[in-house]
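Everything below concerns the one structure shown next.
The basis for the numbers below is simple: all heavy atoms, side chains too, and nothing from hydrogens, waters or symmetry mates.
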Amino acid sequence: MASLLRAPSFTSPLHQKLNYVSFSPLTMNLQSKFYHASVKNGRCYVPSMSIKAQVAVEGDVLDKESEPINEGSDYGVVSIHHVGILCENLERSLDFYQNVLGLEINEARPHDKLPYRGAWLWVGSEMIHLMELPNPDPLTGRPQHGGRDRHTCIAIRDVSKLKAILDKAGISYTLSRSGRPAIFTRDPDANALEFTQIDD
């Protein structure tokens, strides 16, 4: 949390093109009350706190003031349960997601009760739901770097191992342009996937 609450390390965000969100303690607007933070499910909640966030995207700076946070609006967000990904051919997609990426099917999830073919794949404790449906997104003309497109991000332990797997399978990818350990690729239907390396 402390690393997020720091002032930017540069004088003018327009001098360089950055993709980041920073929260500065100098721009925090705390009402003059004594705050009691509460911890629920490993998350810290501070009621009635407003944060002014400075967002720089490709050199354009936007100031956004958040809505006050209070426990009355906490409806119990826990995590992302699954991400739905459209595919033209379920078998082709399963070959990629299972045999290249090593994801396993969640057999407990019903796929025969829906009016289209599909499969649920485990991604840690969450899932990807492959859905064999027409995809409105074009297969060509998409950004070369998946980070500039709609994408699903998966946390992994070792980017270099995944890079070797993609190389062996002849699947193209790009690395993170910020230099962080992350790799971007596309599935057979041109859906962008990011794999970002995290530490324990």
Quick one: are [X] and [Y] in side-chain contact, heavy atoms under 4.5 Å?
X	Y	answer
D137	D149	no
D158	Q197	yes
T152	V123	no
R117	E91	yes
I128	I154	yes
Y97	D187	yes
L193	L101	yes
D167	Y173	yes

Looking at [X], I'd like to know if its [atom1] atom is crowded, meaning that more than 12 non-hydrogen atoms belonging to other residues, nucleotides or ligands lie closer than 6.0 Å.
X	atom1	answer
L114	CG	yes
Q98	CD	yes
E104	CD	no

Following the transitive rule for hydrophobic clusters with a side-chain heavy-atom cut-off under 4.5 Å over Ile, Leu, Val, Met, Phe, Trp and Tyr, establish whether [X] and [Y] coincide in one cluster.
X	Y	value
I80	L121	yes
F96	L139	no
I183	L103	yes
I156	I171	yes
L133	L130	no

Inset, instruction - Please check if the side chain of N106 supplies one atom and the backbone of M127 the other of a donor-acceptor pair under 3.5 Å. - result: no
Inset, instruction - Would you confirm whether S79, through its side chain, and H81, through its main-chain N or O, come within 3.5 Å as a donor-acceptor pair? - result: no
Legend entry - CA sep, side-chain torsions, deciding dist, call: H82, E126, side-chain contact (heavy atoms from CB on, under 4.5 Å): CA-CA 6 Å; H82 71 273; E126 286 76 36; over 6 Å; no
Legend entry - Distance, nearest 0.5 Å, that separates CG of L166 from CZ of F195: 7.0 Å
Inset, instruction - Before accepting this row, confirm whether a basic side-chain N of the pair R157/D199 lies closer than 4.0 Å to the acidic partner's carboxylate O. - result: no
Legend entry - Under-4.0 Å salt bridge between E132 and R92: no
Inset, instruction - Apply side-chain contact (heavy atoms from CB on, under 4.5 Å) to E194 and list each qualifying residue two or more places apart in sequence or on a separate chain. - result: H151, C153, R180, A182, F184, T196
Inset, instruction - Considering non-hydrogen atoms only, spot the tightest contact between H145 and T174 and give its length. - result: ND1-OG1, 2.7 Å
Legend entry - Residues R142, R186; criterion side-chain contact (heavy atoms from CB on, under 4.5 Å); working and verdict: CA-CA 11 Å; R142 308 287 286 277; R186 291 186 181 273; 3.7 Å; yes
Legend entry - Between D189 and S93: side-chain donor-acceptor atoms closer than 3.5 Å: yes
Inset, instruction - Please work out whether the ring planes of H129 and Y116 are parallel, tilted or perpendicular, with thresholds of 30° and 60°. - result: tilted
